[in-house]
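The structure appears right after this line, and notes come after that.
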Amino acid sequence: MNIFRELLELVNSEIEQLSEAGDLPSGLDVTGVLVEPPRDPAHGDMATNAAMVLAKRAGKPPRDIAALLAERIAAQDGVASVDVAGPGFINMRLEAAYWHSALARITASGARYGAFDMGRGKKVNVEFVSANPTGPLHIGHGRGTVFGDVLAALLERAGYAVTREYYVNDAGAQVDALARSVYLRYLEALGRELGADAFEDGYPGDYLVPVGVALAQEHGDKFADAPESEWFETFRSFAVESMLSLIRDDLDALGVRHDLFSSEKKLVDDGQVQATFADLKARDLIYEGVLDAPKGKPPPEDWEPRPQHLFRATQFGDEVDRPLKKSDGSWTYFATDIAYHRDKVRRGFDDMIDVWGADHAGYVKRMKAAVSAVSGDTAALDVKLCQMVKLTEGGKPVTMSKRSGQFVTLRDVVDKVGKDVVRFIMLTRKNDAPLEFDMARALEQSKDNPVFYVQYAHARIRSVLRRAEAEMPEVLGSDLAGNADLSVLTDAAEIDLIKCLCGWPRAVDSAVLSHEPHRLAFYLQELAAAFHLLWNKGNEDHGLRFIIPEDSRVTAARLILIGAVTQVIALGLGIFAVQPVEEMR
RNA sequence: GCGCCCGUAGCUCAGCUGGAUAGAGCACCAGACUACGAAUCUGGGGGUCGGGAGUUCGAAUCUUCCCGGGCGCGCCA
């Protein structure tokens with residue numbers, strides 16, 4: 001049930017018939033033909049640009065094509081009137097009966113409303129969070145987490161077979177530093193004094209204290225005076241496991257569950273990086289060369305031009321060729337990441353989405369280049385960048401210092417305002433725009449708070465339905481939808497609300513195509529607004545209230561209308577994994 | 001220096017694969033409740049869509065150049 005798609009099919013079939021009748025050339029390409037609501041409602045309910053799009057292809061003036069099409073469209077059921085405007089827009093006005101039938105069909109399609117099998121079971125890999133396992137998640141991670149999880153849910157709803165994946169960077173210098181910090185906490189647990197700057201190159205956060213204690217309990221002072229080589233592996237893997245479990249708890253608190261955690265270290269240990277390297281080398285995509293020093297900023301003190309293994313990223317649209325090995329012989333982050341994406345391709349994903357922080361923007365081109373290279377141009381990677389989250393409390397910035405280890409964690413925020421509020425607010429901005437997250441406003445019960453605003457609409461309707469059940473039980477009979485006469489819905493605000501409900505599949509489609517779940521959050525706010533408006537009309541004109549005790553016919557129709565609003569709000573919140581509320585506390 | 005992202009009302013931001021006279025909220029002003037929950041709603045003023053050029057029937061949207069802001073630029077991830 002998607003009226004835009006249906007009307008587009010109608011327009012396309014009329015174009016075809018005009019071709020058959022010889023009024024238009026046959027075999028016309030109709031890509032670009034759209035049916036959409038005109039920006040100005042005064043122009044009608046729906047408009048199509050068909051005549052303008054086809055003008056050049058058909059070799060006819062747009063107004064002439066429009067006139068031909070308009071005549072045919074006007075003869076269709078449900079179409080009240082059609083006119084041609086401007087350069088060749090065909091504006092349609094639809095009969096009230098059309099909207100009534102649309103409402104009935106929305107209700108009938110239930111939880112499937114807006115679902116369209118765009119994906120046809122195609123596998124998609126959504127990699128998100130992928131924070132280093134060196135500490136708890138912070139609020140910025142939370143944004144990518146919610147974004148990735150909701151995008152995944154959205155794609156699932158559109159018929160894709162989605163895998164939610166977390167790439168664990170457990171092989172680099174970061175986790176080495178983590179291991180050393182944990183070792184210090186271990187010494188501390190054994191009663192040793194730590195120097196003031198002991199954690200200078202490590203992780204000073206308190207969250208490592210229990211990790212040190214646990215190791216002290218398990219191993220006693222066995223490693224206290226041992227050389228690093230003896231304890232390092234033990235401490236590193238224990239520390240990573242502990243941090244991963246911390247992160248899993250954080251994700252759990254947000255209601256996020258990944259299907260797969262992929263370990264960078266395992267990738268390296270299994271020889272996959274080596275294999276990828278050999279593979280690319282065999283295809284002459286790796287060569288030995290010397291890179292210029294980075295321009296525009298003073299080169300690092302220890303800069304020295306040296307020949308190294310370079311990936312021919314420039315062959316795939318990147319600016320420079322990228323190094324794969326560090327001077328100590330170990331792999332660069334990029335090298336392991338190529339292997340990782342190659343692994344995804346080999347697991348059958350030719351559609352991949354990576355959710356990154358905006359500070360990684362500079363890596364997008366090389367990663368796309370790498371995916372082209374390892375897949376032989378058969379796989380596509382879309383990288384979604386999430387901008388910063390500015391955490392505020394009553395408009396004042398909440399200071400965060402990772403250096404001191406004292407920062408507000410994602411968990412702190414979730415515990416304070418609840419996971420549903422966090423999830424919704426994270427989607428009230430486009431992913432590549434900075435987001436201000438105000439903790440005070442997140443808890444506020446006013447229309448400034450978008451979560452509340454949408455939930456309030458849902459709760460109000462549930463309240464009406466409860467009341468109707470108590471006062472007019474006969475109306476809420478078993479076959480309410482089947483028997484109701486929707487033609488009594490005649491007020492402009494009622495029809496507007498139905499029109500808004502009809503926009504849901506369109507919102508879903510556009511969110512799926514653009515990989516932008518925030519569009520659903522905006523849609524839900526619009527729907528809530530259309531509902532609140534109708535409600536208030538009932539305050540001014542009691543004849544427009546939903547429950548009319550002396551008229552069960554009208555009441556039934558209106559309950560179906562607002563029932564459909566809760567249906568769509570619940571569907572939207574469902575994709576967000578936010579629970580619609582029955583009442584506001 | 002180069003690359004990516006951004007620039008829309010006083011503020012915060014939408015604007016769907018290019019569509020008609022560019023929208024919403026906040027703030028400001030003026031209104032609507034003996035309540036199906038006013039935690040809401042209605043109306044009003046407010047704009048060179050950063051600037052120029054181009055593509056076309058048509059540009060906030062695409063291309064290009066400039067201005068301004070953010071991020072990044074071998075051996076961090």
Side-chain angles (χ1 to χ4, degrees), chain A residues 31-32 34 36 38-40 42-43 47 49 52 55-56 61-62 85-89 91 130-132 134 169 171-175 177 264 291-297 299-300 302-303 305-306 308 310 318-320 322-323 325-330 332-334 336-337 357-365 385 387-388 428-430 432-434 436 444-450 452-453 456-457 459-461 463-468 471 503 506-507 509-511 513-514 516 518-519 522 525-526 529 532-540 542 545-549 555 558 562 583-584:
Chain A
T31 44
L34 294 173
E36 54 189 0
R39 187 146 53 197
D40 186 347
H43 291 131
N49 61 353
M52 290 165 313
K56 197 168 279 176
F89 284 102
N91 293 325
S130 298
N132 291 338
T134 54
N169 294 117
Q174 308 276 343
V175 289
E264 179 189 9
L291 281 181
D292 295 335
K295 289 171 181 160
K297 67 168 191 182
D302 56 349
W303 172 269
R306 65 177 180 86
Q308 48 187 341
L310 299 174
D318 199 2
E319 277 79 35
V320 290
R322 305 291 180 177
K325 278 192 178 179
K326 303 176 192 169
S327 51
D328 67 0
S330 64
T332 59
Y333 165 77
F334 182 51
T336 54
D337 224 2
D359 53 341
H360 290 60
Y363 287 81
V364 174
K365 274 195 182 174
L385 300 174
Q387 268 292 350
M388 319 220 46
T428 54
R429 286 283 178 274
K430 198 161 49 178
D432 55 12
E436 183 181 333
E444 198 175 288
Q445 304 214 330
S446 77
K447 74 172 304 190
D448 293 355
N449 180 351
F452 170 80
Y453 187 72
Y456 183 42
R460 266 182 154 176
I461 295 171
S463 166
V464 173
L465 294 176
R466 281 193 298 272
R467 193 176 180 112
E471 293 177 7
R506 191 176 147 81
D509 285 359
S510 82
L513 286 170
S514 59
E516 290 185 352
H518 78 276
R519 292 182 190 205
F522 282 89
Q525 292 180 75
E526 266 176 46
H532 286 308
L533 186 157
L534 181 58
W535 177 291
N536 272 78
K537 282 190 86 169
N539 271 343
E540 285 155 26
H542 287 210
R545 292 189 171 203
F546 303 118
I547 297 176
I548 309 290
T555 304
R558 289 188 179 153
I562 61 176
E583 54 187 359
M584 309 306 296

- What nucleic acid atoms does A:Pro450 come within less than 4.0 Å of, heavy atoms only: base, sugar-phosphate, or nothing? nothing

- Message: Counting only side-chain nitrogens and oxygens, does A:Arg322 get under 4.0 Å of the OP1 or OP2 atom of B:C73?
- Response: no

- Query: Does any N or O donor sit under 3.5 Å from an N or O acceptor when you compare the side chain of A:Ser510 with the base of B:C16?
  - Reply: no

- Message: Check this one for me: any side-chain N or O of A:His532 less than 4.0 Å away from OP1 or OP2 of B:G25?
- Response: no

- Residue met sooner reading RNA chain B from 5', once A:Arg467 and A:Lys365 are mapped to nucleotides: A:Lys365

- Note on the structure: Among the nucleotides B:C57, B:G19, B:C76, whichever has the atom closest to the side chain of A:Gln174 is B:C76

- Closest to the A:Phe452 side chain: B:C76, B:U40, B:C57? B:U40

- Residue closer to the 5' end of RNA chain B, A:Ala47 versus A:Pro323 (nearest nucleotide): A:Ala47

- Verify, without hydrogens or angle tests, whether A:Asn49 (side chain) and A:Leu34 (backbone) share a donor-acceptor contact under 3.5 angstrom. yes

- d(CE, A:Met584; C1', B:G37) in whole Å: 11 Å

- Task: Would you check if there is a donor-acceptor pair between the side chains of A:Asp337 and A:Tyr333 at a distance under 3.5 Å?
- Result: yes

- Examine B:A35: is either OP1 or OP2 under 4.0 Å from a nitrogen or oxygen in the side chain of A:Trp535? Give yes or no. no

- Query: Is a side-chain N or O of A:Thr555 found less than 3.5 angstrom from the main chain of A:Ile548, in a donor-acceptor match?
  - Reply: yes

- N/O (side chain, A:Lys325) to phosphate O (OP1/OP2, B:C75) under 4.0 Å: no

- Message: If you only use heavy atoms from C-beta on, which nucleotide in B:U40, B:U42, B:C57 is closest to the side chain of A:Leu533?
- Response: B:U42

- Rounding to the closest angstrom, what is the interatomic distance between B:G25 and B:U8 at atom C1'? 15 Å

- Spacing between A:Lys537 atom NZ and B:U40 atom C1', to the nearest angstrom: 15 Å

- Euclidean distance for C1', B:G18 against B:U61 (whole angstrom): 6 Å

- Query: Using the P atom in both, what is the distance from B:C67 to B:A27, to the nearest Å?
  - Reply: 39 Å

- Interatomic distance, A:Leu34 CG vs B:G15 C1' [rounded to whole Å]: 15 Å

- Regarding the side chain of A:Phe522, the nearest nucleotide among B:C16, B:C57, B:C13 is B:C13

- With a non-hydrogen cut-off below 4.0 angstrom, is A:His360 in contact with a base, only sugar-phosphate, or nothing? base

- Tell me: OH of A:Tyr456 to P of B:C41, nearest whole Å? 9 Å

- Item | Donor-acceptor contact present, side-chain A:Ser514 to main-chain A:Ser510, <3.5 Å | yes

- Message: So, does A:Tyr453 get its side chain near the phosphate of B:C41, meaning an N or O under 4.0 Å from OP1 or OP2?
- Response: yes

- Query: If the P atom of B:C65 is compared with that of B:C57, how far apart are they to the nearest Å?
  - Reply: 25 Å

- Message: Measuring only the P atom in each nucleotide, how far is B:C13 from B:C6? A whole number of Å is fine.
- Response: 14 Å

- Query: B:C26 C1' sits how many Å from A:Gln525 CD, rounded?
  - Reply: 13 Å

- Task: Would you indicate what A:Asn169 reaches in the nucleic acid, counting non-hydrogen atoms under 4.0 angstrom: base, sugar-phosphate, or nothing?
- Result: sugar-phosphate

- Query: What distance, rounded to whole Å, do you find between the two P atoms, one in B:G23 and one in B:A60?
  - Reply: 12 Å

- Got a second to check how far A:Ile547's CD1 is from A:Arg467's CZ, nearest 0.5 Å? 6.5 Å

- Query: Which nucleotide sits closest to the side chain of A:Arg429: B:A14, B:C57, B:U42?
  - Reply: B:A14

- Task: Establish whether the base of B:U42 is bridged to the side chain of A:Asn536 by a donor-acceptor pair shorter than 3.5 Å.
- Result: no

- Message: Using a 4.0 Å heavy-atom cut-off, does A:Val364 contact any base of the nucleic acid, only the sugar-phosphate backbone, or nothing at all?
- Response: nothing

- Pairwise P distance for B:U64 and B:C2, with rounding to whole Å: 15 Å

- Under 3.5 Å donor-acceptor, A:Thr332 side chain and A:Pro323 backbone: yes

- Give the rounded distance in Å between these two atoms: CD of A:Glu319 and P of B:G1. 16 Å

- Query: Taking the side chain of A:Ser463 as heavy atoms from C-beta outward, which of B:G37, B:C41, B:G74 is closest to it?
  - Reply: B:G37

- Mark yes or no for a side-chain to base donor-acceptor pair under 3.5 Å between A:Arg506 and B:C16, with no hydrogen or angle criteria applied. yes

